Each structure stands twice: as structure tokens, then as C-alpha cells.
Chemist: 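The following block contains the structure, expressed as C-alpha cells.
None of the values given here were measured: they were computed from a predicted structure. Excluded from the calculations below are hydrogen atoms, water molecules and symmetry mates; all remaining heavy atoms, backbone and side chain alike, are included.
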Amino acid sequence: MLVFKADYLAEAGKRIFQAAGAPEDIAAHVATSLVESNLVGHDSHGVIRIPTYVARAREGLYDVAGRPETLRETATTAVVTGNWGFGQIAATYATDLAIRKAREHDLGAVGVVQCNHIGRLGEYAHRGALQGFVVMVTAGGFPGGAQAPFGGAGRALGTNPFAFGVPGQSSQPMVVDFATTIVAEGKLQVARAKHEPVPQGWILDKEGRPSTNVEDFYAGGTLLPFGAHKGYGLAMVAEILSSTLSGLTEYRGQRGGHGTFVLALNPTAFRTYVDFTGENDALFRKVKNVPTAAGFSEVMIPGEPEMRARAKRLVDGIPVAEDTWAKLQSTADQLGAVMP
């Protein structure tokens with residue numbers, strides 16, 4: 001395992017994306033977003049994604065210079081196209097648009113089409129919560145799928161994640177971020193890069209048999225929903241909000257892509273901001289003061305592990321699997337990018 005400082009990885013990613021044809025601001029934004037995922041401990045959505053993004057751009061699936069724009073809107077809603085650019089750019093645009101509408105009208109709901117992989121959903125929920133809004137983000141409509149429906153043994157849905165951001169008064173926002181599969185598909189990529197088996201119960205092989213060999217997933221297997229029928233039910237909700245609601249299939253074309261849905265609520269539509277966030281902090285304290293179960297040293301609020309990981313990795317550096325680094329270097333060499 002290699003270790004790098006965050007600034008180094010962000011600069012390396014930026015140079016690779018620029019060499020692939022991305023404008024400097026887009027390259028920097030996407031690279032920083034990926035490294036931020038590494039910082040908070042979600043390596044599945046970090047720099048491991050760079051070679052895949054570049055490969056898809058070279059296949060014509062990504063427009064590395066593409067910028068989002070609004071297709072249609074009302075005072076409180078909008079449909080946005082990512083114009084096949086990097087998903088991080090489209091999702092940030094959609095989040096900011098939803099927040100702007102919520103600031104003006106207490107509610108903002110935005111669907112995104114022609115959208116590529118947006119990275120870690122919690123990034124956008126956190127972005128909204130820091131500005132004082134309750135934000136929900138979902139993604140769905142992934143072509144090909146990765147998840148078996150409850151009771152099924154074949155792919156029908158994507159990982160269809162959800163994220164929620166809620167502001168506190170004196171604390172960090174609460175950020176809930178989860179795939180509706182037992183783990184995000186990126187966790188399989190991390191295990192693959194490390195040449196490690198995955199736990200029993202994560203995947204089925206193409207014959208529908210339980211497996212711990214990550215290669216069985218990439219050979220036509222499937223991820224299972226978390227919580228059996230409960231995760232499956234949430235996956236269906238994410239599919240509807242992110243795909244059928246915005247008319248994703250109308251815009252999909254030959255490039256695939258997926259859909260994203262962002263909902264922003266202004267808490268002051270219901271009560272004063274001080275009262276709302278003050279009671280949230282009281283709730284956080286109540287939960288954290290519960291006696292710990294066996295094997296645990298403390299109770300943490302959703303999002304707290306990520307903030308602790310970020311503080312630690314800013315100092316200690318970000319671990320990167322040797323296979324992942326080799327692929328990053330190979331990608332840079334192919335593009336003629338000079339690494340920092």
C-alpha cells in the first residue's frame with residue numbers, strides 16, 4: 001500500500017484530466033471531488049475512478065468539456081442535462097440550483113439527465129447542509145444494473161444510493177450516505193485492486209450462487225440489496241425519483257449515463273433555524289450518550305466517521321493500493337500527462 005498527500009493526488013488527477021482534454025476548472029473540480037472521497041475514507045469513490053473516467057472519455061461516453069444546463073424549470077423544480085460531462089459537475093450544478101430555489105421558495109427539486117458517475121452522494125448532501133438546508137440526493141437508472149431485486153438472482157437495478165444532509169447548530173452536519181446494495185460497487189473495485197475476497201453475502205455469481213470471489217461479480221454476477229426487501233424497496237424508490245420522474249429514457253441516447261435527483265428543503269419554512277438546529281444538536285447528544293454495546297467504544301452520528309477519517313488522512317496521507325497507482329501512472333503515460 002502506498003501513501004500520498006491529498007494535494008499531490010488532486011494535482012495528479014487534475015493533470016490527467018487536462019491531458020484528456022478537460023478545461024482546467026473542470027479537471028480541478030473533478031480531481032478534488034475524488035480526492036475528497038479518499039480523505040473521508042471512501043476509497044471506492046476516490047482516485048480509483050480516474051482510469052475508468054478517462055477510458056470512457058476515450059470511448060466517447062464522456063464529454064470532458066461538457067457543462068450542465070437547465071432544460072426546463074418552474075419556481076421550485078427543474079430538469080437539468082449534464083451534457084454527458086463529468087457527473088460531479090452536473091451534480092454540483094443541480095445541488096446549487098435546488099438550494100437556490102429552496103432559499104427563494106422553501107423547496108427545490110431538480111432531476112438530472114444525460115449524467116455520468118457523480119461520485120460520492122454525501123458530498124452534495126453535505127454541501128447543502130453546510131448552507132443550512134435539508135438535502136436529499138438519489139441516483140438511479142444505471143444502464144446494465146448491478147443489483148438483484150429481492151428474491152431474484154440477476155441484475156435489474158443499479159446500486160441506487162441515497163444521501164441525506166441535515167444541519168446542526170454547533171456540530172458538523174449529519175450526513176447519511178448509503179447504497180441500497182449491501183455495499184457500493186466501488187467497494188468491489190477496492191477489493192479487486194487489493195486482490196482480496198469479499199465477505200459472504202455481498203454477491204452472487206452469474207448462476208445465482210453466493211460467492212466471495214469478486215471476479216464472479218465482474219463475470220456477470222450481481223450485488224444483493226441490503227436488508228433484503230427493505231433495501232430493494234428503497235432501490236425502487238431511487239429508481240423512480242432518479243429515472244422515471246425526470247424522463248431519463250427520453251434523453252439517454254447511445255451513451256447510457258444515469259439519473260440523479262436532488263431535493264432541498266428550507267427548515268425555516270417550518271420553524272426558526274435556531275430552534276431546528278438546536279434540537280438537532282440535542283438529538284445528536286442524546287444518541288451519543290447511549291451506553292455502548294459490546295465491541296464498541298462510542299456511538300457516532302452519521303457522517304462523524306467520515307469527518308474523523310478526513311482529519312486523520314489530511315495529516316497521515318491517503319493510502320492507495322499499488323494496483324490502483326499503477327493504473328493511474330499508466331493512464332497518465334498514455335495521455336502524455338506529466339505527474340507532479
Side-chain angles (χ1 to χ4, degrees), residues 1-14 17 28-50 52-53 86-89 91-92 95-96 117-131 133-139 159-168 170-191 193-194 226 260 262 280 284 287-288 296-321 324-325 328:
M1 189 71 73
L2 306 172
V3 179
F4 299 90
K5 290 295 186 180
D7 289 347
Y8 179 90
L9 287 178
E11 179 64 22
K14 173 187 169 184
F17 289 137
H29 182 132
V30 178
T32 299
S33 173
L34 293 174
V35 172
E36 185 66 25
S37 292
N38 286 116
L39 278 173
V40 299
H42 292 287
D43 298 323
S44 57
H45 290 66
V47 297
I48 195 172
R49 299 280 179 167
I50 291 175
T52 300
Y53 288 2
F86 289 105
Q88 287 85 349
I89 305 298
T92 300
T95 300
D96 290 347
H117 186 258
I118 69 172
R120 185 177 66 92
L121 269 68
E123 174 183 337
Y124 312 105
H126 188 252
R127 183 182 184 91
L130 284 176
Q131 297 178 62
F133 295 87
V134 177
V135 174
M136 180 184 78
V137 186
T138 70
T159 55
N160 289 21
F162 278 82
F164 302 86
V166 180
S170 58
S171 62
Q172 279 284 331
M174 182 183 78
V175 178
V176 180
D177 182 1
F178 58 88
T180 54
T181 43
I182 290 178
V183 292
E185 184 270 334
K187 304 292 185 188
L188 303 184
Q189 292 188 32
V190 172
K194 295 179 178 179
F226 82 84
T260 299
V262 182
N280 286 345
F284 300 161
V287 170
K288 287 184 69 65
F296 291 85
S297 60
E298 65 174 312
V299 174
M300 289 194 281
I301 301 301
E304 195 173 356
E306 285 79 0
M307 290 302 99
R308 292 191 184 184
R310 188 177 193 279
K312 180 174 173 47
R313 287 187 169 190
L314 277 172
V315 175
D316 297 344
I318 295 169
V320 177
T324 298
W325 184 245
L328 284 169

Chemist: Would you say Val40 and Met307 make side-chain contact, with heavy atoms under 4.5 Å?
Modeler: yes
Chemist: Can you see whether Glu306 engages His42 through a side-chain donor-acceptor pair at a distance of less than 3.5 angstrom?
Modeler: yes
Chemist: CD1 of Ile318 to CZ of Arg310: how many Å apart, nearest 0.5 Å?
Modeler: 9.5 Å
Chemist: Determine whether Gln189 and Glu185 make a side-chain contact, defined as any pair of heavy atoms from C-beta on separated by less than 4.5 Å.
Modeler: yes
Chemist: Just jot down the salt bridge (charged side-chain N to carboxylate O under 4.0 Å, His left out) partners of Asp177, sequence neighbours excluded, or say none.
Modeler: none
Chemist: Please lay out, stage by stage, how Leu34 and Phe86 fare under the test side chain to side chain contact (heavy atoms under 4.5 Å, CB included).
Modeler: CA-CA 12 Å; Leu34 293 174; Phe86 289 105; over 6 Å; no
Chemist: At what distance, to the nearest 0.5 angstrom, does OG1 of Thr180 lie from CG of Asn160?
Modeler: 4.5 Å
Chemist: Within the structure provided, determine whether Thr260 and Tyr124 are in side-chain contact (heavy-atom separation under 4.5 Å).
Modeler: no
Chemist: If you draw a 6.0 Å radius around NZ in Lys288, do more than 12 non-hydrogen atoms from other residues or ligands fall strictly inside?
Modeler: yes
Chemist: By side-chain contact (heavy atoms from CB on, under 4.5 Å), which residues pair with Lys194, not counting sequence neighbours?
Modeler: Met1, Val190, Glu196, Ala321
Chemist: List for me each residue that meets ring pair (Phe, Tyr, Trp, His ring centres under 6.0 Å) alongside Phe133, sequence neighbours excluded, and say none if there are none.
Modeler: none
Chemist: In the structure I gave you, are the side-chain heavy atoms of Val47 and Phe4 within less than 4.5 Å of one another anywhere?
Modeler: no
Chemist: I'd like to check Val35 versus Tyr8 (side-chain heavy atoms, cut-off strictly below 4.5 Å). Are they in contact?
Modeler: no
